[in-house]
Amino acid sequence: MTLLQRPVLVLLLLVTHHLLQCWIAFGSVDEEGQKQEEFNEELLLKPLPDRTVLAHFHFQSSAPPSTSNGRHHHLFPKAISQLVQKFRVKEMELSFTQGRWNYERWGGFDPIASSNAKPPGVELWAVFDVPQHQVDASWKNLTHALSGLFCASINFLESTSTYSAPEWSFPPSSGNLRYGTLPREAVCTENLTPWLKLLPCRDKAGLAVLLDRPSIYRGFYHSQRLHLTSTGSGSKGTDSGIILNQALTVVLQPIQPNGQRASMDHASEKHIQPSWSLSSIFGKQVRGRCVLAKSSKVYLQLDRGLVAELKRIHKENEKSVANGLTSENFWSYPSFELSANPDRIVVEENSLHSKSSSILYNFQVEKYSESEPLDLGLTWKIPVVWLCQSAPLHSSRYLMGSGNERGAIAISLKSTQLREGFMGAFADNERCELRVDVFQVVPWYVKVYFHSLQVFIDQQPKAVSDVIEKIHVSPSKDKVSPGMMEMVLKLPCRVKSAALTIEFDKGFLHIDEYPPDANQGFDIPSAIISFPNFHASMFFLEDGSVNKSPLLSKFQEKSPVMSYTEVLLVPLTTPDFSMPYNVITITCTVFALYFGSLLNVLRRRIAEEERFLKDKATKKTGQLPLLLSKLSAKLRGRPWEPPHSPPSSSFFISSKLVFKVILVAGLAVSWQYYFS
Amino acid sequence: MATFINSKTIFRLLVLPCLLLYSSIAHNSSSVEATMHTNNWAVLVCTSRFWFNYRHMANTLSLYRTVKRLGIPDERIILMLADDMACNTRNKYPAQVFNNENHRLNLYGDNVEVDYRGYEVTVENFLRVLTGRHETSVPRSKRLLSDEGSHILLYMTGHGGDEFLKFQDSEELQSHDLADAVKQMKEKLRFKELLIMVDTCQAATLFNQLQSPGVLAIGSSMRGENSYSHHLDSDVGVSVVDRFTYYTLAFFERLNIYDNASLSSLFSSYNPSMLMSTAYCRRDLYQRRLEEVPVTNFFGSVMETIHTDAAYKALSRKDSGRFKAQMSLDQSVHHHERRTLINVNDQDEILNTKAEDQQGASTCPFTSFYEKLRKGENVDSLVNYGLVAMLPLLGVSSWLFQ
């Protein structure tokens with residue numbers, strides 16, 4: 001009987017086990033058949049014209065809106081979902097950046113430059129889904145939570161003098177948006193590690209394995225970004241869907257096999273771009289995908305300018321060699337060689353603003369494994385020189401004036417070759433206008449005079465009302481809020497250069513408000529210049545693949561071209577911090593001298609002094625017995641004592657003692673009397 | 001004369017409740033002292049800014065690595081670094097910090113969790129961490145969430161002087177501030193034992209004002225002495241470690257988590273000629289003998305796991321029984337220690353031991369009565385006792401006033 005029962009039991013167990021497994025596996029699927037939590041990892045590599053390589057990691061985790069699962073997540077980081085739930089964050093972007101994006105060399109028009117190039121330090125903006133009066137409290141709590149999460153001093157953004165509420169420079173938010181930057185915040189390993197911990201595979205598997213700390217931080221520029229949007233009804237207390245985009249952009253210099261940096265090359269091969277591979281720029285290879293990721297892809301992007309240049313070279317080659325290459329077969333160009341065969345080649349749809357289109361080589365990480373790692377490399381065979389597409393106007397910002405009292409900030413916009421190229425078609429139109437949005441925050445101790453705003457177009461001063469269509473200014477309040485300026489400029493299309501200047505006075509800080517390294521100067525955060533007429537988007541012909549890549553769909557988003565200006569360093573008058581002590585010492589000395597002498601004059605009695613002098617004169621005669629007593633003391637070997645000990649004090653003490661004794665005796669007598 | 005005797009009896013009667021009250025207080029305090037060591041915390045502070053103070057950050061990170069290696073988890077370490085050296089533009093080795101010329105060990109590995117950094121490292125924040133007086137929004141990772149069973153290691157390094165330690169070249173922490181903070185921590189039951197380790201010039205002077213029991217303090221140098229750096233790394237360009245910390249690490253590198261080296265062996269490992277200063281240890285506030293205290297009591301976290309094979313209900317019963325046993329054991333240990341103490345000058349403690357002695361003698365009817373009273377069992381009998389006790393009192397007083 002038992003023998004029969006056992007297999008049945010085992011079978012039953014097996015079945016339930018399987019059922020359980022299935023249930024666990026599909027646990028995140030709702031009854032309504034909603035989407036599952038997803039994670040995608042992608043890496044985009046791109047050679048840059050100045051012999052460097054751009055690597056852009058993009059990780060996307062998404063949690064669907066779910067009512068039944070409550071707070072359980074499979075892939076989505078719990079820390080982030082708790083953050084969203086607690087502070088009702090609708091949209092948030094946090095970036096940590098070190099170095100400055102070089103808009104001239106690395107481009108300013110493509111989606112990476114325009115939405116992933118960030119100002120140095122920390123930048124945070126967030127939109128909250130709470131009533132207006134709670135926004136500031138939510139912001140404060142959010143900054144503290146983020147500072148704990150990312151090991152950074154983001155909590156300095158809690159004070160009202162560090163953040164502002166822009167109205168139209170960011171996504172429309174009806175006053176629920178807060179923006180703050182910390183230009184001097186250091187960015188290092190301790191910020192990257194918690195960021196990586198949000199990924200399901202951390203940096204143990206998948207593309208994140210490449211993130212070797214020393215090689216990343218050796219680069220010219222690195223920016224780690226976290227962008228989240230929560231959709232659905234967060235206000236009803238239900239779990240809303242969240243999409244978390246984590247991007248890390250680094251610009252690295254490939255290390256040559258001989259250990260030298262690429263720039264050390266010989267003069268003869270000056271124009272040959274350095275060859276690189278994943279192992280030469282990161283020191284690591286991709287050994288398979290993160291198993292939790294839905295898709296894991298590596299792209300190699302050839303810039304529009306580079307493709308155009310290659311086509312030109314190719315045509316010349318065809319003329320001479322006439323080898324029958326199809327124009328689609330780009331990767332077998334004789335000008336360069338790839339170490340791995342791409343799985344797919346995606347060509348950008350011809351964009352409006354440029355003549356050629358960029359090319360993406362797609363590599364599926366699934367195909368590679370521990371034994372056969374992906375070490376994507378690019379070897380150049382012929383020298384290529386190209387330029388990245390830059391923003392319509394190149395913006396820069398600088399300080400004017402000298403001294404510690406006043407100065408001026410100038411923002412200059414210069415036209416680039418791009419604008420001349422394709423705006424030429426519109427240029428003949430007299431009414432053609434170029435819209436430029438400027439957003440600028442200045443700390444309160446830089447007291448900006450908004451009336452002193454001046455506009456120069458092609459070195460000619462213009463009336464402010466002619467150029468500025470719309471302006472929103474919120475002046476700074478001392479120690480309360482920073483000054484903020486939002487402007488919409490309308491520039492003529494033919495403009496060669498434009499400049500805005502605004503004057504300021506330097507304020508004084510309280511002695512406690514100076515940072516320990518005040519002598520280094522104070523930072524004015526980057527201004528944001530955006531060009532709403534131009535969209536930094538790339539459209540790729542997807543060959544009907546079901547799983548659309550999040551990175552490519554991010555590229556296709558219509559976002560205006562944006563650029564950040566430099567951070568300005570303003571030297572303020574810094575006191576010599578030992579000065580207060582000097583002042584105190586000198587004042588005390590003066591006071592002591594004054595009051596001492598005054599007291600001396602007031603208290604001095606001439607008559608008494610004369611008598612004292614007389615006494616002294618008499619004492620001189622009675623010196624002999626004193627001397628004698630001294631001598632005798634010495635002979636006896638005892639320390640000499642003055643002959644007259646003060647008897648009054650001893651008498652006083654004894655009288656006190658007597659009084660005490662009497663008091664105690666009286667008390668005792670009364671006690672006795674009472675009890676008898 | 002007769003009246004005198006009478007007043008004496010009255011006095012005795014008055015003393016009795018006083019004694020009762022006192023013994024109950026004494027008992028309470030002894031039960032507080034007997035809490036088990038349950039967890040370990042570490043507060044590691046580097047107070048110096050600027051690149052040339054690289055060694056102070058390397059000191060702190062070395063200690064961080066050591067305590068992490070010996071078992072204190074990251075969430076129980078509060079790390080305060082006043083400047084960013086690892087990703088400093090002057091650092092030739094980005095994202096790496098070394099404490100030795102041989103560059104064998106990167107202290108700034110992949111998993112460093114810095115809780116306070118840069119401008120956040122101020123005297124105010126330091127004292128807030130110690131005393132636990134934070135704003136409500138401060139996250140848990142930035143708080144010292146210790147309790148009365150915690151052993152805390154407080155390591156500080158920077159530039160200091162006679163009774164002060166500089167923070168970021170602009171503020172000072174004075175020995176009074178430190179002593180007050182520690183006293184407050186003691187009163188708030190935020191630690192059981194505290195080890196303060198300071199590597200700075202004239203470090204010993206920083207401990208002058210300490211007065212809370214359970215505190216052990218080690219400083220790298222005496223009053224009037226400087227603490228020197230150990231060696232210069234010509235690749236990094238600055239000195240990379242201080243002597244005191246270097247030899248502390250040399251001691252710890254030999255240990256693993258299961259080693260039983262005592263604190264006294266650590267202290268005796270400091271050689272004044274190598275240190276070029278005299279390491280000073282203030283141990284008069286610390287009751288236990290240093291020979292018996294393993295270094296892992298402060299520098300590691302050795303958790304005693306209690307194995308249970310039943311569900312929660314059984315566990316709680318079993319656990320409480322075990323805890324009681326542990327408590328009595330602990331008490332007896334205390335007993336032993338008190339006897340071995342050479343100069344007990346604290347009146348309270350003597351009385352305390354006396355009270356415990358009384359308890360130990362179970363034959364004493366008074367203690368059994370007291371026990372009943374304390375437990376609050378059968379209140380009725382207590383009232384009866386009280387009434388009976390009132391009778392002689394009444395008799396005596398009436399006899400007196402005859």
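Side chains are part of it too, since the values below use all heavy atoms of this structure and drop only hydrogens, waters and symmetry mates.
The contact between B:Ser170 and chain A is made entirely by side chain atoms (from C-beta outward), counting heavy-atom distances below 4.5 Å. Contact of B:Asp115 with chain A is not made at all, since no heavy-atom distance falls under 4.5 Å. Using a 4.5 Å cut-off between heavy atoms, A:Ala152 contacts chain B through both its backbone and its side chain. Interface remark: B:Phe50 contributes side-chain atoms only to the contact with chain A (heavy atom separation under 4.5 Å).
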*Evaluate side-chain contact (heavy atoms from CB on, under 4.5 Å) for A:Arg218 paired with B:Tyr93, printing each intermediate quantity in order.*
CA-CA 8 Å; A:Arg218 196 186 293 126; B:Tyr93 303 95; over 6 Å; no

_For B:Lys142 and A:Asn155: C-alpha separation, side-chain torsions, deciding distance, then whether side-chain contact (heavy atoms from CB on, under 4.5 Å) applies._
CA-CA 11 Å; B:Lys142 288 187 155 188; A:Asn155 52 323; 3.6 Å; yes

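The residue among B:Val112, B:Asn111, B:Asp169 with the most heavy atom pairs within less than 4.5 Å of chain A is B:Asn111. Comparing B:Glu171, B:Arg140, B:Glu135 by how many heavy-atom pairs each has under 4.5 Å with chain A, the most go to B:Glu135.
Listed here is the closest heavy atom pair of B:Pro94 and A:Tyr217: CB-O, 3.5 Å. For the residue pair A:Ser153 and B:Arg117, the shortest heavy atom distance occurs at OG-O, 3.9 Å. The heavy-atom pair separating A:Gln98 from B:Cys87 by the smallest distance is NE2-O, 3.3 Å.
Separation of atoms NE2 (A:His144) and OG1 (B:Thr136) is listed at 8.0 Å; rounding is to 0.5 Å.
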